[in-house]
Every structure is written in structure tokens, then in C-alpha cells.
Amino acid sequence: MTPEALADLVRTAVAQLLADRGLDATSLPAQVTVERPRNPEHGDYATNIALQLAKKAGVAPRDLATWLAEVLRSQKAIAKADVAGPGFINLTIATEARGAIVEDALEDGYGTGTELAGKKINLEFVSANPTGPIHLGGARWAAVGDALGRVLEARGAEVTREYYFNDAGAQIDRFVRSLIAAAKGEPAPEDGYAGTYVSDIAAEVLRREPGALSDPETVRKVGVGLMFDEIKRSLHEFGTDFDVYFHEDSLHQDGRVAEAVERIKANGALYEKDGAWWLRSTDYGDDKDRVVIKSDGAPAYIAGDIAYFLDKRARGADLCIYMLGADHHGYVSRLKAAAAALGDDPATVEVLIGQLVNLVSGGQPVRMSKRAGAVITMEDLVDAVGVDAARYAMIRSSVDSSLDIDLDLLRKHSNDNPVYYVQYAHARTSSILRNAADLGITPGEDFALLTHEREGDLIRTIGEFPRVVATAAELREPHRVARYLEELAGTYHRFQQDCRVLPRGDEETTPLHQVRLQLVNATRRVFAAGLGLLGVAAPERM
RNA sequence: GCGCUCGUAGCUCAACGGAUAGAGCAUCUGACUACGGAUCAGAAGGUUACAGGUUCGAAUCCUGUCGAGCGCGCCA
């Protein structure tokens, strides 16, 4: 019996109980969940449904729990149902019913679901300014955003990954001036960009267009193009590719910005003050209203965002998710207000704010000075620890917390990264499967033989996978998958320590060997699927 | 000053309002004729920044204080 099936069973039992006792059943939640109790002595699963319903039903929680436990005990698949504490019900699954979990895990697509089926999600992340390489912060969004996209897809969503190139406006002008200065061998402009990448790109521009210095427009075109390529290449090497690389400039060129502005103006969503046109972003929590059309008639930056949102919706997105760094948290209200001004539902805008990545060395924070070009890039991180360790370090913690990265520590103790703990567990399962194949041993299905405590732990943990992925998708928190894999790895390592899978040299192959082999097989598949969701390799040997 | 986010073991971080707050690293003690020891068993480490409140139950929700990061342009 899988936890999902158990939850359904509990729900049915509750509904029946409420009806039998003539209690108010309207408060029964649509979804009843069972949880893994922290303390294994409490049983395989626990439900607090009696606590949730007691007050509404007008019954003492323990009474309700006692009645419910009685109903549940009559089920064949449930070996034990005990009331505990204020009204928890602890449930233990019959040993012979646990095989369903292993069988599920052996199916293709274990962990996937359909609750997001038919939902088109536009997922925008990274979107770093194309005036330099991706930094540590961008690496965090690249890893987390990519993993989130995979998790959402696993639960049925149709995801478009998108990178918004801010290639219009003053910062690009500064970048181009920096390129020209570098090409002439002059120092970077006061408000420009330094760093070797600037001179590298400047040199490449001159190599391709020797006469470029006389034509700033050529420098812009070629130089910015090279920067785009560089960013795409480094992201690709990081394992993150986008479906759409969107150029802000294109919105201005073909009139979509003007069109969007006209539309919200016609909606009466803008007001005029001091010769400019303003958006009422304060209605959505902003500090102050924002200018959309400047008094000189030119569109402000936010006008591009409005047109971009309109374009995403026109391309069919039901939901637009923006992953932004904490330094952009002010955008939340503006983007919501923009959607409302267009006559759209602000709920189609979902902004995820992630805290920043700090670089530390020897416990001291290191200031990354962009002006001096003294920055740690995503590529530096990958060079130091490799793609898998870099991605994993970024993904495994919640984006709600700022993250401290100590490069020296990572370099020195690269094996300390929990990713190796997980990958090694996968490699061990692969090794056993290889050995079994060499010995000609085939998996068995006599799950009732799996009575060892470690086997039960492993089966229960495998059974959690689909719900972990579902929760990660629902809460937009891919780090849950990473944490789950660490738990699974620990459970597996302990299993392999205590439970011999293959027969030793002088032993005959028994059905227990064979069913354990099947359990290892299922475990390996969950590791592979979980690591796949994170975009991290699942090596068969290390 | 106002706003947003955060504050959990020595360090890096978990814990969708649930039971005794968990992992890894670092420290200490054990298991090596090992289906791969990149592993396992155990010890030690906490007033979840602080003070109130709500709740059967709070690290989690509410209020205040302290501390940290970020944001407060007709820049992009």
C-alpha cells in the first residue's frame, strides 16, 4: 500500500465515520494526508485528521481518533492503528502490503503526477544583464530555476524557460563605451565595466570587424552579440538551457512597448502628473507609484516589463513565474500592478524572491567589486568544484536564506559536498545490479520476505518520493528533492550495511536475495529520477 | 526614516502549525579477509536572537525590541 492509497483509505473511513455518527461532514478537507512520523516507534505513518476535525464536529479529538482507529484497524492492509498524544493516529502497514510501493517505483514515471497537467507556465530566471559574465548569484538562479522547471514538468506542467536580455538602454551604452575604450587600449570609463572579459570581447570585435572603431553601432552589435554567446555558453556548460532568450530591445523595435502602453492608457489605468504618466503600483504594495511614460514621451524601463508580460500571455502562458534576487524585490508590486493595468489577473504573476549569495573566505565576507572586475563568476565556481557539486550546493538550500559560499573550503573539501553521498549511493546500487547481472541472478517479487527493519525503512522512504516532488512543485522549492535524496542515500547506505543482497561465494541464490535485488533496482531508479530533477549526474561508477 | 526578506548546533544548512528541532562538515570513540570504507555504529554539541500573544500544540502565525542583507530615480 502506497502512502497515497493509505491517505485515500483514511479519507473514506473518516467520511463513513462522520456519516454513521451523524456528524457534520462539510468540514472534511478534500485531501487527507498521512505523514511519516519523526519517531519510527510511532509506526509507518500518522494522521492528525482527528485533531483537525474535532472542533468542527463538536467531538473530543481523542474520541474521534479512537473511533477512526477502530474503523481503520478492520482494513486488511493496516496492521496497526493506535491513538497517541492529543489525537494522532499511528498506522502501520501490513508487511505483505508494502510491496505495492516497490512495484510503483519500478514503473516508468515514478514521481511524476498530473496535478499541473494542461498548465502552461512561463518560468523566467537568471535574466542577468548582458554586460558581463554570470556571477555566483546568477548561478544560484540558474541551478534552482532549472531544477524548478524540471520539477514542475514532472507534475504535468508545460514549462517555457525564459531568459530576458536587458539589451536596451543606458547600461548597454556604458558597456559599448567600455568595449571601445578597451579596443583603443584606454582605461575603462568612470561609469563603465572593467575586467579581462571586456578586453577579450573588444579584441574579438576588432578581429571580426577591423574597422569597428569608426562605427560604434558595429561595436554594439558585434560586442553585445559576443556577450550573449558567452552567457549562453557558460549556462549551457552549467547544464542550464533556455527555451527562449528574449531580447528587450526587440520589444521597442517592433512597437510592442508603445502598443502595450497605449493599451493600459486606454484602460484608464494610468494618470498624468508633472507631464508624465504613472502606474498605480501603490495599490499592490509599492512605496510609490511608478512612471511608465516619462515627461519627454519616452517609455520608462517598466514599460518594457509590461509589454514583455503581455507578450508572454499572448504566447499562451497561464502563469508567469519570475525568479528574482532580493535586490529586485521591489518589482513584485510593480509586476502585479502591471498585470492589473492590462486588465489581467494579478494572480497570473508569481514572483519568487531569492536571497543573495555571499562569497566568504576564512569566515570573512568578500566584497565583490564589479568596477574592478574582482568578481567570482559561475565559471570560477564550476572550475573549482565541477558542475554537479556547484549545482547541488546551490539547489540544496531554500532560496529564502542567503547562502554563504567559501570557495577555499569547497576546493579543499570538495568531497564534503553531500552530492557525493547521494551519487555514491547510486553508484553502489548500480554496482550491485552489475554484479547480479554477471552472476545471472534475476530479481524476485516475494515482497513478504522483506521483514528486516532496514528494508522497511528503505521501502517507506522510496514511497515518499512522489509526494516530495509534488510538494516541491507546489511550493516552488526544488531543494526539497535534494534533501529527500540525502535521506534516501542515508537509508540506502544503512540498508546495504545490514542486508546482504547477493549470495556470497558459497551460498545458493534464495528468493530473499532476489527480492532484495528488486528493492535495490527500485532504489536505483529513484536516485536516477531524483538527481535528474536536479540536473545532476547519476554516475554508475565514481 | 520607510518597506521587503532573514536570524536554528562551532561552520554550512533542513524541518508545508504537529509528537523527543534534524543532516552534513569539524571534534572524540569504535567497525576494515570491503556485494565499492566516498560507508556504517556511537558520543558530544540547542533557552530555534530576545519579550509578549494566539493555539490542544509555535522554530513556523500575530505584536514589539535587537541584529543582518537588500530596496526606496521621470536609471535600466
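So that the names make sense, note that chain A is the first sequence line, chain B the second, and so on, each numbered from 1. Hydrogens, waters and symmetry mates are skipped; everything else that's a heavy atom, side chains included, is used.
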In whole Å, measure the gap between the C1' atoms of A21(B) and C40(B) for me.
25 Å
To the nearest angstrom, the CG-P distance between Asp327(A) and C4(B) comes to 17 Å
Report which part of the nucleic acid Ile353(A) touches: base, sugar-phosphate, or nothing (heavy-atom distance under 4.0 Å, all strands).
nothing
Work out how far the P atom of G22(B) is from that of U27(B), and round it to whole angstrom.
24 Å
Would one find a side-chain N or O of Asn435(A) under 4.0 angstrom from OP1 or OP2 of G36(B)?
yes
4.5 Å side-chain heavy-atom contact, His452(A) and Arg516(A)
yes
Output the rounded distance in Å from NZ (Lys294(A)) to P (A76(B)).
4 Å
Any N or O donor-acceptor pair under 3.5 Å from the base of U20(B) to the side chain of Asn39(A)?
yes
Kindly indicate whether the side chain of Arg36(A), heavy atoms from C-beta on, has any atom under 4.5 Å from the side chain of Tyr45(A).
yes
Watson-Crick or G-U wobble mate for A15(B), both contacts under 3.5 Å:
none
Please report, rounded to the nearest Å, how far the C1' atom of U39(B) is from the CE atom of Met542(A).
12 Å
C1' spacing across the pair C16(B) / A76(B), given as an integer number of angstrom:
37 Å
Side chain of Glu35(A) (C-beta onward), nearest among U20(B), C16(B), C74(B)
C16(B)
Atom pair distance, as rounded to whole Å: CZ in Arg334(A) and C1' in C4(B):
12 Å
Would you mind telling me which of G36(B), G18(B), G3(B) lies closest to the side-chain atoms of Asn48(A)?
G18(B)
Give one of base, sugar-phosphate or nothing for Ala436(A), where a contact means two heavy atoms less than 4.0 Å apart.
nothing
From A38(B), G69(B), C16(B), pick the nucleotide closest to the side chain of Tyr424(A)?
A38(B)
Using whole Å, what does the distance between atom P of nucleotide G22(B) and atom CG of Leu485(A) come to?
21 Å
Sugar-phosphate, base or nothing in reach of His328(A), heavy atoms under 4.0 Å:
nothing
Phe88(A) ring over A19(B) six-membered base ring, under 5.5 Å and 30°
yes
Watson-Crick or G-U wobble partner for G36(B), using a 3.5 Å limit on both distances?
none
Could you check Phe309(A), Phe165(A), Tyr308(A) and say which one makes a ring-ring contact (aromatic ring centres under 6.0 Å, His included) with Phe246(A)?
Tyr308(A)
Classify His329(A) by what it touches in the nucleic acid, base, sugar-phosphate, or nothing, heavy-atom distance under 4.0 Å.
base
Nearest nucleotide by nearest heavy atom, which residue falls closer to the 5' end of RNA chain B, Thr471(A) or Ala46(A)?
Thr471(A)
Quiz question: going by heavy-atom distance under 3.5 Å, is there a donor-acceptor pair between the base of A76(B) and the side chain of Tyr164(A)?
no
Nearest-angstrom distance, P atom, U55(B) to G1(B)
34 Å
If you look at every strand shown and take non-hydrogen atoms under 4.0 Å, does Arg504(A) touch a base, only sugar-phosphate, or nothing?
nothing
Provide the Watson-Crick or G-U wobble partner of G3(B), both distances under 3.5 Å; none if there is no partner.
C70(B)
Does OP1 or OP2 of C16(B) have a side-chain N or O of Arg480(A) closer than 4.0 Å?
yes
Determine the interatomic distance between P on A19(B) and the same-named atom on U48(B); round to the nearest Å.
14 Å
Under 4.0 angstrom, heavy atoms only, what part of the nucleic acid is Gln496(A) near: base, sugar-phosphate, or nothing?
base
Scan Pro86(A) against the nucleic acid and name what it touches under 4.0 Å (heavy atoms): base, sugar-phosphate only, or nothing.
base
For Asp289(A) and Thr282(A), which I'm curious about, is there any donor-acceptor pair between the side chains at under 3.5 Å?
yes
Rounded to the nearest angstrom, tell me the gap between atom CG in Leu403(A) and atom C1' in C11(B).
13 Å
Pairwise P distance, A26(B) and C35(B) [rounded to whole Å]:
24 Å
So Phe175(A) and Asn129(A), do their side chains get closer than 4.5 Å, heavy atoms only?
no
Evaluation steps, side chain to side chain contact (heavy atoms under 4.5 Å, CB included), between Asp388(A) and Tyr420(A):
CA-CA 9 Å; Asp388(A) 285 344; Tyr420(A) 299 110; over 6 Å; no
I need the CZ-P distance between Arg140(A) and C6(B), as an integer number of Å.
12 Å
Describe the nucleic acid contact of Asp287(A) in one word from base, sugar-phosphate, nothing, applying a heavy-atom distance below 4.0 Å.
base
With a 3.5 angstrom cut-off on both distances, give the Watson-Crick or G-U wobble partner of U27(B), or none if there isn't one.
A43(B)
Does Tyr420(A) make a side-chain N or O approach to OP1 or OP2 of C25(B) shorter than 4.0 Å?
no
With a 4.0 Å cut-off on heavy atoms, is Asp400(A) in touch with a base, just the backbone sugar-phosphate, or nothing at all?
sugar-phosphate
Base, sugar-phosphate, or nothing for Tyr331(A), non-hydrogen atoms under 4.0 angstrom?
base
Quick one, Ser397(A) and Arg140(A) - any side-chain contact, counting heavy atoms below 4.5 Å?
yes
Classify the side chain of Ser401(A) versus the base of C6(B) as yes if they form a donor-acceptor pair under 3.5 Å and no if they do not.
no
Using purine N1 to pyrimidine N3 plus N6-O4 or O6-N4 for Watson-Crick, or N1-O2 and O6-N3 for G-U wobble, both under 3.5 Å, which nucleotide pairs with C61(B)?
G53(B)
Any salt bridge linking Lys312(A) with Glu162(A)? Criterion: basic side-chain nitrogen under 4.0 Å from a carboxylate oxygen.
no
Under 4.0 Å between a side-chain N or O of Arg428(A) and OP1 or OP2 of G37(B)?
yes
Do Ile462(A) and Val102(A) make a side-chain contact, defined as non-hydrogen atoms from C-beta onward lying under 4.5 Å apart?
no
Where along residues 165-177 of chain A does a heavy atom come under 4.0 Å from RNA chain B, residue by residue in number order?
Ala168(A), Gly169(A), Ala170(A), Gln171(A)
Touch class at under 4.0 angstrom, heavy-atom based, for Ser402(A) against every strand present:
sugar-phosphate
For a quick test of reading the model: is some side-chain N or O of Arg38(A) closer than 4.0 Å to OP1 or OP2 of A19(B)?
yes
Can you see whether Glu486(A) engages Tyr392(A) through a side-chain donor-acceptor pair at a distance of less than 3.5 angstrom?
yes
Taking for each residue the nucleotide of RNA chain B bearing the nearest heavy atom, is the 5' side occupied by Gln52(A) or by Glu248(A)?
Gln52(A)
If only side-chain N and O atoms of Arg454(A) are considered, is one of them under 4.0 Å from the OP1 or OP2 phosphate oxygen of A41(B)?
yes
Distance-only polar pair, side chains of His426(A) and Thr429(A), donor-acceptor under 3.5 Å
no
Does a side-chain N or O of Lys288(A) approach OP1 or OP2 of G73(B) to a distance below 4.0 Å, or not?
yes
Taking atom types as modelled, is there a side-chain donor on His247(A) or Asp167(A) under 3.5 Å from an acceptor on the other?
yes
Using whole Å, report how far CG of Leu51(A) lies from P of G17(B).
16 Å
If you check the Ile432(A) side chain, which of C35(B), U55(B), C74(B) turns out closest?
C35(B)
